[in-house]
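Data first, discussion second: the structure below is written as structure tokens.
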Amino acid sequence: MRKVVSPRPSGHSPAHLLTSLADLLRTWLPEQRWFAGKGRRVTDLSLLSVTELHPGCLHLLVSTGDGSAARPGDCYQLLLGVGDVLPPRLAHARIGRASEGPLAGLTVYDALQEPRSADLLLERLRTPGTAGPLRFERDAKVAVPAGLTPRLLDAEQSNSSLVYGNAYILKIFRRVQCGINPDLEVPWALARQGCTRVPAPVAWFRTSQPQPATLGVLQPFLPDAVDGWTLALDSLTAGREFTDEAYELGRATAEVHLALAAAFALGAPTGHGSRRLAAAMIERLDATSRSVPELMPYVAGLRGAFDALAVLDSGRPVQRIHGDLHLGQVLRAGERWFVIDFEGEPARPIAERRQPQSPVRDVAGMLRSFDYAARSRHPWRPEWARRCRDAYCAGYAAQARWDPRAESELLRAYETDRAVYEALYEARHRPDWLPVPMAAIARLAEHAPTPTPTPSGSPHTPVPSFHSAQGG
Ligand SMILES: Nc1ncnc2c1ncn2[C@@H]1O[C@H](COP(=O)(O)OP(=O)(O)O)[C@@H](O)[C@H]1O
Ligand SMILES: O=P(O)(O)O[C@H]1O[C@H](CO)[C@@H](O[C@H]2O[C@H](CO)[C@@H](O)[C@H](O)[C@H]2O)[C@H](O)[C@H]1O
């Protein structure tokens, strides 16, 4: 997202406002959990859009860059409060005091932490309309009540979420990309399909400038739900099995996949497209190993999984999928699993995330997650993860009528690709966690299939057993 500028708040041009905000945001942005450019300095900063939502509350789209010509800048959505004095209860929201420009002497803070601004956002969503380039819309069939008490969710998130009265949750996308966000598009389509595994959007807001983009989505909040990651860790801590839950989760995943296949156009079977997919995975491996040197010793071993994929002729069609499925993206309320966060991998371009892909990719994401959970507790219990993985695939097979374990090369390639993604994610966001995906990478590299020439000279890949690579 670049360049265009929207209406002027209270008579100040964005360029003028930037003189007040630039220094503050250069320091504050990189400290935020949702800031994608971890480890990079914000050297270029510009305001793409400024909208005064109400006096003292600015909605901004800012573009940040690190000065490198090779990396395009990112666009972030901010809601900033500006005032003379910050009440002590908002001390934690303080960004700083502007020293120059039109806001000189005023204190700037993160307005999402302020109930008044959160109330106002909900009011906007309840009563559709526009504010400058922002458009607020809702499902006319759902009446959202007024006056619900807001609280900002304290979760480790890629975005920011406000919960209203334990009845609704508003996700505010932090890193904004041009186009409809799959986290609005997919749950909306699934709801139309009658799929009840996904909370259906009831309201949303978007911008038309600098380019059309989704900015936030309001959905029903499941008040008694616990996420799969917390449940899995509880089970590990208590020395309990998690296979019944994993089986049901496999069924829920398959149900969502079937609904997705019905709601969106299917793509052609992977067929010879496997070569292109393998090439993309190899490219990601090479690029990641340049950023995460710990990967270097394993690159040759890991490539085996991608080489095997390149010669695979899969007859299974591709379809829309979740794209970033793991235990943190599933919620259990009572005995029932729900799937949330259809944004896909936030670092990838939206156009790519909306492409049909193999459902095996989601399955691989969840299988990696069982491994993650088992790895994050001492002593490591590989058998626990192996049983969960098996139960999950069995549940999936029972619902989908095909077993992901039968797609062993595809599954292995996607698991390897996911582990590489995780290594990059952890190196950037949580370096202490890097050993978790690295342990899987070491195993996957060690057990990687080696394409061997067949008597006819065409490559033949021995299929490793499903358990050998991940189980121990
Ligand atoms: N509909 C919901 N009901 C209950 N909790 C939810 C719901 N949607 C999200 N959450 C909670 O919010 C957290 C973050 O949501 P998520 O969509 O994964 O955001 P992000 O993309 O920022 O990671 C989840 O882990 C979950 O705890
Ligand atoms: O923010 P998102 O939930 O969209 O996803 C990102 O952050 C996740 C961590 O919060 C990360 O997931 C990795 O860690 C999880 C445990 O914290 C584990 O369950 C996942 O299997 C593992 O991939 C995810 O990769 C990232 O996209």
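Atoms within each ligand, like the ligands themselves, are counted from 1 in listed order.
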Give yes if a backbone or side-chain nitrogen or oxygen of [X] is under 3.5 Å from a nitrogen or oxygen of ligand 1, and no if not.
{"X": "Ser161", "value": "no"}
{"X": "Lys171", "value": "yes"}
{"X": "Ser158", "value": "yes"}
{"X": "Asp183", "value": "no"}
{"X": "Leu222", "value": "yes"}
{"X": "Asn159", "value": "yes"}

Proximity of [X] to ligand 1 by residue part, where a heavy atom lies under 4.0 Å:
{"X": "Pro346", "answer": "neither"}
{"X": "Ile340", "answer": "side chain"}
{"X": "Ala225", "answer": "neither"}

Is [X] salt-bridged to [Y], going by a charged N under 4.0 Å from an acidic O?
{"X": "Glu345", "Y": "Arg353", "value": "no"}
{"X": "Arg332", "Y": "Glu248", "value": "no"}
{"X": "Glu123", "Y": "Arg126", "value": "yes"}
{"X": "Arg116", "Y": "Glu114", "value": "yes"}
{"X": "Arg386", "Y": "Asp371", "value": "no"}
{"X": "Arg192", "Y": "Asp139", "value": "yes"}

Protein heavy atom at shortest distance from [atom]:
{"atom": "atom 1 (N) of ligand 1", "result": "Pro220 O, 3.0 Å"}
{"atom": "atom 19 (O) of ligand 2", "result": "Ser369 OG, 2.8 Å"}
{"atom": "atom 14 (O) of ligand 2", "result": "Arg430 NH2, 3.0 Å"}
{"atom": "atom 18 (O) of ligand 1", "result": "Asp341 OD2, 3.1 Å"}
{"atom": "atom 10 (N) of ligand 1", "result": "Ile169 CD1, 3.6 Å"}
{"atom": "atom 6 (C) of ligand 1", "result": "Leu331 CD1, 3.7 Å"}
{"atom": "atom 19 (O) of ligand 1", "result": "Gln157 NE2, 3.2 Å"}
{"atom": "atom 25 (O) of ligand 2", "result": "Arg418 NH2, 3.1 Å"}
{"atom": "atom 11 (C) of ligand 1", "result": "Leu153 CD2, 3.8 Å"}

Ring centre gap for Phe136 and Phe205 strictly below 6.0 Å: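 Here the rings of Phe205 and Phe136 have centres that are less than 6.0 Å from each other.
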
Candidates Trp34, Tyr76, Tyr109 - the one meeting ring-ring contact (aromatic ring centres under 6.0 Å, His included) with Trp28: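 Exactly one option meets the ring-ring contact (aromatic ring centres under 6.0 Å, His included) with Trp28, and it is Trp34.
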
Could a heavy atom of [X] be found less than 4.0 Å from some atom of ligand 2?
{"X": "Arg375", "answer": "no"}
{"X": "Glu343", "answer": "no"}
{"X": "Glu345", "answer": "no"}

State the atoms of ligand 1, each with its element, that fall below the 4.0 Å cut-off from a heavy-atom position in [X].
{"X": "Pro199", "value": "1 (N)"}
{"X": "Gln329", "value": "18 (O)"}
{"X": "Gly328", "value": "25 (O)"}
{"X": "Glu343", "value": "21 (O)"}

Relative to [atom], which among [options] owns the nearest non-hydrogen atom?
{"atom": "atom 5 (N) of ligand 1", "options": "Trp229, Phe221, Phe173", "result": "Phe221"}
{"atom": "atom 10 (O) of ligand 2", "options": "Glu422, His429, Arg33", "result": "Arg33"}
{"atom": "atom 2 (P) of ligand 2", "options": "Pro437, Ala232, Ser158", "result": "Ser158"}
{"atom": "atom 12 (O) of ligand 2", "options": "Met366, Gln329, His326", "result": "His326"}

Atom NE2 of His92 with >12 non-hydrogen neighbours under 6.0 angstrom: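 Yes, enclosed.
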
Are [X] and [Y] linked by a side-chain donor-acceptor pair shorter than 3.5 Å?
{"X": "His257", "Y": "Gln399", "answer": "no"}
{"X": "Glu31", "Y": "Thr27", "answer": "no"}
{"X": "Ser160", "Y": "Arg33", "answer": "no"}
{"X": "Ser289", "Y": "Asp286", "answer": "no"}

Among Arg418, Arg361, Arg348, the one residue meeting side-chain hydrogen bond (donor to acceptor under 3.5 Å, both in side chains) with Asp324: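 For Asp324, the side-chain hydrogen bond (donor to acceptor under 3.5 Å, both in side chains) check succeeds only for Arg418.
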
Option among Gln157, His326, Lys171 that satisfies the side-chain hydrogen bond (donor to acceptor under 3.5 Å, both in side chains) test with Asp341: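 Option passing the side-chain hydrogen bond (donor to acceptor under 3.5 Å, both in side chains) with Asp341: Lys171.
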
N/O separation below 3.5 Å, Trp433 to ligand 2: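 So ligand 2 has no N or O lying under 3.5 Å from an N or O of Trp433.
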
Backbone or side-chain N or O of Tyr425 under 3.5 Å from ligand 2 N or O: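 N/O-N/O distance under 3.5 Å: yes.
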
Phe242 and Trp337 aromatic ring geometry - parallel, tilted or perpendicular at 30°/60° bounds: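 The rings of Trp337 and Phe242 stand perpendicular, inter-plane angle above 60°.
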
Full working for side-chain contact (heavy atoms from CB on, under 4.5 Å) between Leu410 and Leu309: CA-CA 6 Å; Leu410 201 51; Leu309 173 65; 3.4 Å; yes

Sole candidate of Arg284, Arg430, Arg368, Arg375 that passes salt bridge (Lys or Arg N to Asp or Glu O under 4.0 Å) when paired with Glu422: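 That would be Arg368.
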
Residue Tyr421 vicinity, atoms of ligand 2 by number, heavy atom under 4.0 Å: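 Selected atoms, number and element: 25 (O), 26 (C), 27 (O).
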
